[in-house]
Structure formats: C-alpha cells, structure tokens
Amino acid sequence: MWGIIATWAMAYDGVLKGSKLLTNKNSSVKAIEETIKSVEDEPSFRSVGYGGLPNEKGIVELDSGFMDGDKMSVGAVGGLTGFKNPISIAIKLSEESYNNFLVGRGAEEYARLNGFEEKDMAAERSLEIWREKKKSFSEENMKAYDGHDTVGVVTLDTYGKMCAGTSTSGLFMKREGRVGDSPLCGGGFYVDSEVGGAAATGVGEDIMKGCLSYEVVRLMKEGCHPQEAAERAVIELSEKLKRKANISRDISVVCMNNNGEWGIGTNIDEFSFVIAREDMDLVIFLAKRINGKLEYIKATDKWLEDYMSKEIK
Ligand code: GLY
C-alpha cells in the first residue's frame with residue numbers, strides 16, 4: 001500500500017506527481033522531494049519557495065525540513081536565501097552524520113558547495129505586496145498570511161518506507177532570522193516507518209510549544225487511529241495554550257500511519273488538504289467543524305477556482 005497526504009490545496013499538483021512516482025514504485029524520498037519541489041517552484045503560492053512573501057526587510061527567507069522514517073535521519077535548513085529548492089538541500093543534509101540542521105550563511109555555503117541551484121526567490125509580485133504592507137505594518141497587526149503557509153507532506157511507499165517533509169517562507173513580515181516550526185524535527189514534521197508520520201502548518205510559535213508532529217506520532221504509536229491522534233494533539237495543544245497563554249493561533253496537522261490510514265487535526269474554520277492512496281484517487285478535502293464535529297467535504301471545482309484566484313492575486 002502506498003499513500004501520500006499534504007497540507008493545503010496548493011499541494012494538488014505536487015501530490016499528483018508524488019502519487020505517480022509512488023504508483024511506479026519509487027521511494028518515499030523521491031516522492032516527497034518532487035511533491036514539495038512542485039509547490040516551491042510555483043510562483044503564485046505566497047508562502048512557499050519562489051513567490052513566498054518576504055520578511056520585514058524584504059528578503060525571502062526559507063525554512064525546510066525532512067525526515068526519513070526508516071533511518072530516523074533528519075535534515076533541515078532555516079533562514080535560507082537564494083536557493084531554488086530548500087527541500088532538496090534538507091534531504092541532502094539528512095545524509096550527513098553531523099551538521100544536519102544549518103541556518104543562514106552556513107546553509108547557503110553548504111548548498112553552494114553541493115551544487116544546488118541558486119535563484120533570487122523574491123518574485124516581483126511578492127515584493128509589491130511587501131511594499132504595500134510595509135506602509136501600514138506594525139507587529140500588533142501581524143498575522144499568518146491567510147493561514148496558507150507551510151506545505152507539509154507525509155509519504156508511504158510500496159516498500160513500507162515513510163518520510164515527512166516541509167517547506168515554507170514562514171510568516172509574512174517576520175523578523176529577519178525568525179525560524180518557525182517547519183524545519184524543527186518533532187515540531188513541523190516527524191516520522192517513524194514503524195508507526196507513521198505527521199507534518200504541521202500554522203503559526204510556528206504555537207506549533208513548536210507542543211512538539212506537535214512528534215505528539216501525533218506518539219499517539220499513533222500508543223494505538224490511536226491517525227484521525228484521533230491528529231485531532232487530539234491539536235485540540236489539547238490549542239486548549240492548553242488558551243488556558244496558559246490566553247491565546248491559541250492557527251494550528252493544523254496531517255498524518256498517516258504505516259497502513260496508509262490517515263487523519264488531520266485543525267483549530268481553524270476551514271483547512272484544506274490533499275490525499276492519494278493506492279486504493280483511492282487523489283482528492284482535495286476541506287476539513288470543517290460542523291456542530292463541534294470535524295467533517296471532511298470534497299472541494300468542488302468552484303472552490304478550487306476561488307482558492308487559486310486568491311493565491312494568484
Ligand atoms: N508554520 C510556518 C511558520 O510558522 O513559519
């Protein structure tokens with residue numbers, strides 16, 4: 001059984017590529033890399049890769065993380081500028097014995113030495129949005145860009161190997177050097193092929209407080225179905241933050257176990273995700289809370305059209 005699950009409808013084309021690779025018995029690593037690269041390369045998405053929105057200084061700083069659930073190897077980059085595909089650098093870093101998580105200049109030097117493609121990641125449209133925002137910006141009104149942030153993916157290949165990965169430009173107007181949850185193993189992503197994997201999206205400052213992706217995998221290991229694990233982990237973290245910090249911001253997570261069973265958790269009104277499995281065609285679902293219960297609704301063509309036009313604007 002192969003399977004793939006990803007955060008946000010923006011991952012649709014990527015998941016399509018990933019699912020073809022998995023159908024053809026390619027590895028989880030290849031599938032996750034191609035899925036995430038596809039989102040990184042698409043200029044209309046404002047929160048990942050090329051076209052991602054800049055930090056407060058107008059610089060696009062990218063974070064990405066990767067984990068191989070067979071080897072328990074991890075690679076990550078934080079605050080990376082000027083490289084086309086952060087996920088590929090994170091995967092390469094996971095093959096090193098030390099220095100698996102590099103930030104800023106060190107990450108860039110590593111990428112250069114290893115021949116990764118360089119690219120100015122600030123698209124003109126992103127800079128226009130930044131210039132506009134700069135006029136009215138204050139930290140008080142900062143909020144995650146429409147919630148459409150990280151692409152987070154979990155893959156299961158026909159050999160039973162699982163991987164988890166993320167890529168994001170992080171919060172729009174973030175401080176220079178700010179790193180969110182996405183490259184943090186256990187926070188933004190976690191996977192163990194003996195159990196399953198998870199990947200998160202939302203406000204990194206909150207997600208990392210609950211080591212959310214690890215918590216989801218831990219609950220699956222204890223016997224929870226992925227849906228129960230994801231929902232419990234998100235709700236418990238969100239409730240705790242409300243109690244202890246008086247505020248809980250956007251948090252969502254996708255997960256899959258090593259049987260290909262999947263689930264999602266979210267504390268927002270509408271969270272879209274993409275799923276494909278050997279026995280199930282690719283679907284974009286919207287998770288909505290209806291009368292207190294989380295329900296999945298298939299996204300209609302009209303919904304997708306509206307979503308894409310919002311991204312492209
Ligand atoms: N979840 C992405 C970030 O907070 O940077």
Side-chain angles (χ1 to χ4, degrees), residues 5-11 36 39-40 45-57 59-67 74 76-81 86-87 89-90 101-104 107 121 126 129-130 133 139 141-154 164-190 197-216 230 233-234 237-238 241 245 247-255 264-268 271-273 311:
I5 187 163
T7 56
W8 304 116
M10 68 181 168
I36 294 180
V39 186
E40 289 176 340
F45 302 141
R46 303 265 172 259
S47 51
V48 179
Y50 183 65
L53 290 172
N55 67 15
E56 62 179 1
K57 294 199 173 148
I59 302 163
V60 179
E61 288 186 324
L62 303 169
D63 300 337
S64 176
F66 167 79
M67 185 164 185
V74 172
V77 289
L80 178 85
T81 58
I87 187 62
I89 304 167
F101 185 0
L102 295 178
V103 300
M121 297 299 274
S126 312
I129 296 172
W130 174 79
K133 187 78 179 171
E139 272 205 16
N141 67 22
M142 181 166 81
K143 117 185 216 307
Y145 173 68
D146 277 347
H148 296 278
D149 58 358
T150 306
V151 60
V153 184
V154 178
T166 58
S167 186
T168 186
S169 52
L171 289 189
F172 180 30
M173 285 291 182
K174 64 188 177 185
R175 279 262 169 90
E176 186 174 27
R178 179 260 186 197
V179 174
D181 62 298
S182 305
L184 297 185
C185 175
F189 62 96
Y190 194 80
T201 177
V203 177
E205 283 75 359
D206 281 1
I207 293 168
M208 61 177 82
K209 289 170 191 159
C211 299
L212 182 66
S213 296
Y214 178 78
E215 178 63 4
V216 173
V234 170
L237 174 59
S238 197
L241 291 174
I247 181 167
S248 161
R249 293 161 290 191
D250 296 3
I251 301 175
S252 302
V253 69
V254 295
C255 68
I264 69 104
T266 188
N267 66 357
I268 63 174
F271 169 58
S272 64
F273 62 100
E311 287 290 330

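All values below were derived from every heavy atom in this structure, side-chain atoms included, with hydrogens, water molecules and symmetry-related copies excluded. Whatever order the structure lists them in is the order used to number ligands and atoms, beginning at 1.
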| Going by the order shown, which atoms of ligand 1 are within less than 4.0 Å of some heavy atom of Asp149? | 1 (N), 2 (C)
| Going by distance only, is there an N or O of Glu205 that falls short of 3.5 Å from an N or O of ligand 1? | no
| query | Between the side chains of Ser252 and Thr266, is a donor N or O closer than 3.5 angstrom to an acceptor N or O? | reply | yes
| query | Is there a nitrogen or oxygen of Thr201 sitting under 3.5 Å from a nitrogen or oxygen of ligand 1? | reply | no
| query | Given the rule in the salt bridge (Lys or Arg N to Asp or Glu O under 4.0 Å) test, do Glu205 and Arg178 qualify, once you have shown the distances and angles that lead to the verdict? | reply | CA-CA 10 Å; Glu205 283 75 359; Arg178 179 260 186 197; 2.6 Å; yes
| Numbered atoms and elements of ligand 1 in range of Gly170, under 4.0 angstrom, heavy atoms | 5 (O)
| Test of proximity, Gly204 against ligand 1: N or O pairs below 3.5 Å | yes
| Of Asp63, Asp149, Thr150, which is the lone residue that meets side chain to side chain donor-acceptor pair (under 3.5 Å) with Ser182? | Thr150
| note | Per-atom filter on ligand 1: closer than 4.0 angstrom to a heavy atom of Asp181 are 1 (N), 2 (C), 3 (C), 4 (O)
| Atoms in ligand 1 flagged as close to Ser182, the criterion being non-hydrogen separation under 4.0 Å | 1 (N), 2 (C)
| said: Looking only at distances, can you tell me whether any N or O atom of Thr150, backbone or side chain, sits closer than 3.5 Å to an N or O atom of ligand 1? | reply: yes
| request: Say whether Asp63, considering both its backbone and side-chain N or O atoms, lies within less than 3.5 Å of an N or O atom on ligand 1. | output: no
| Can you check whether Ile247 reaches Arg249 side chain to side chain, under 4.5 Å on heavy atoms? | yes
| query | Looking only at heavy atoms, what is the nearest atom pair of Ala6 and Ala11, with distance? | reply | CB-CB, 3.7 Å
| said: Checking Glu40 against Ser167: is there a side-chain donor and acceptor pair closer than 3.5 Å? | reply: yes
| Taking non-hydrogen atoms only, is Met208 closer than 4.0 angstrom to ligand 1 via side chain, backbone, both or neither? | neither
| Distance filter under 4.0 Å to Gly180 heavy atoms, resulting ligand 1 atoms | 5 (O)
| said: Please determine whether side chain to side chain contact (heavy atoms under 4.5 Å, CB included) holds for the pair Met10 and Val151, giving the CA-CA distance in whole Å, both sets of side-chain angles, and the decisive distance to 0.1 Å. | reply: CA-CA 8 Å; Met10 68 181 168; Val151 60; 4.1 Å; yes
| field | Step-by-step side chain to side chain contact (heavy atoms under 4.5 Å, CB included) determination, Trp8 to Phe271 | value | CA-CA 7 Å; Trp8 304 116; Phe271 169 58; 3.7 Å; yes
| request: Provide, to 0.1 Å, the distance between atom 5 (O) of ligand 1 and the closest protein heavy atom, together with that atom's residue and name. | output: Arg178 NH1, 2.6 Å
| Does the side chain of Val60 come within less than 4.5 Å of Leu53's, by heavy atoms? | no
| Can you find an N or O of Gly202 that's nearer than 3.5 Å to an N or O of ligand 1? | yes
